[in-house]
Amino acid sequence: MEVQVLFFGSITDITNVTETMVASCADTDTLISQLIQQYPTLSNKKYFIALNQKMIQTNSPLKSGDTVALMPPFSGG
Amino acid sequence: MEVQVLFFGSITDITNVTETMVASCADTDTLISQLIQQYPTLSNKKYFIALNQKMIQTNSPLKSGDTVALMPPFSGG
Amino acid sequence: MSSKQAKSIFFSGPIPAQKIADDIQKHATKTNIGAHSIFLGQVRADMMHDKAVTAIEYTAYEDMVNEQMQTIRAAFFEKYALTCMHIYHSLGTVAVGEICLFVFTSSAHRRDAIDACNEMVETIKKALPIWGKEIFADSSTVWKKNNESW
Amino acid sequence: MSSKQAKSIFFSGPIPAQKIADDIQKHATKTNIGAHSIFLGQVRADMMHDKAVTAIEYTAYEDMVNEQMQTIRAAFFEKYALTCMHIYHSLGTVAVGEICLFVFTSSAHRRDAIDACNEMVETIKKALPIWGKEIFADSSTVWKKNNESW
């Protein structure tokens, strides 16, 4: 199973990539922990999490093909 | 002494003119009475009165060269 | 400041969309502007007794309006942090679908432009001696009424 | 109804004043419209540490925005008596003085167009995953912050 992870805005200054694929991840909390291991400064950032284009507030199970996005505060307009 | 009187909007349907000159008139109340004598249906109309381009709410003395306007409810825009 | 100078708000006939574009374009050099708010009044084909309005003919007490507008402009620049404010109201005949009112406010931050534009539209409709006469296809006419007035 | 169909709000680069004029002109045939409300966002030459912004580079989670906008549009047409609503937000680089946001609402009576336009601007700034990166003359950059967010 694979999950697509998208990075936006100032998050990309940390990751240097705008997307990555993550293998075997039970839920979003686990995914975030893995990402923080890979990008330690992520732990200091504020961001919203979207699962398949819907904002989520709590830990959510992941299945193959899901897309998770890490989105810092919006600044459109 | 002469006072210029201006008519606007639906008032002109009654007067058929957009302006007239009135001789010897002590104040605006007297002027309006004279106009109603000339145009009796004016007495049924609602209108604001402006003296020299300023709205007035009460009877005001007139002097030569003054301009009085009879203005029905506004409908710009 | 030139943008605060008094001038006539009246425009002969309908206000072309191209004028609106040109006026917007002129503000590209004012780099302290962050927000523009625009209101446009368009003549509506209202029905009255089964007849549709085909045009509105506008008249005004022009001198009085232009004198009032000096005071109103000053009050708006006092109340709102505006970079500029432009107002045009048609005189004469404006056909259905054409623009008869153009209010254009600009500011660094959006609230000033938006609130000023909104209040100016209300002010124009309520406080300025301007009259519209609705003209129907059969040439009959009815003096337009603004609900806000009296 | 075609005016309520979902489509992308994104526009590549700055929004030209001419597009605004063309869009206004298209509404001349909709004779049930009495009021248009337009909001334009313009890139401001803000100063930060003695350096002026020269441009903003916009990126977005495009698919998510376009999906959100379907729900938001439906809610706005439910809440306000709108004839139509058009929204464009720039992606990519928009220089100081250029237009990056164009919100255009139309209705029979002015309150619907004005209130909807106002609420849509707030919604775009607060709820849509779009980001601006401010670019300075020396090529340094700072991620733009909207005061309203968080």
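Basis for what follows: all heavy atoms, side chains included, without hydrogens, waters or symmetry-related copies. Here is the naming used below: chain letters follow the sequence lines, and residue numbers restart at 1 for every chain.
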If one checks every heavy atom of D:A108 against chain C at 4.5 Å, the contacting part turns out to be both

Among residues 9-22 of chain D, those lying within the under-4.5 Å heavy-atom range of chain C are D:A17, D:Q18, D:I20, D:A21

Ordered numerically, the heavy-atom neighbours of chain C under 4.5 Å found in residues 32-49 of chain D are D:N32, D:I33, D:G34, D:A35, D:H36, D:S37, D:I38, D:F39, D:L40, D:G41, D:Q42, D:V43, D:R44, D:A45

Honestly, the part of C:Q25 sitting under 4.5 Å from a heavy atom of chain D is both

Chain D shares the most heavy-atom pairs under 4.5 Å, among C:S106, C:C117, C:G97, with C:G97

Min side-chain heavy-atom separation C:N118-D:R111 under 4.5 Å: yes

Okay, D:I99 and chain C: the region with an atom under 4.5 Å from a heavy atom over there is side chain

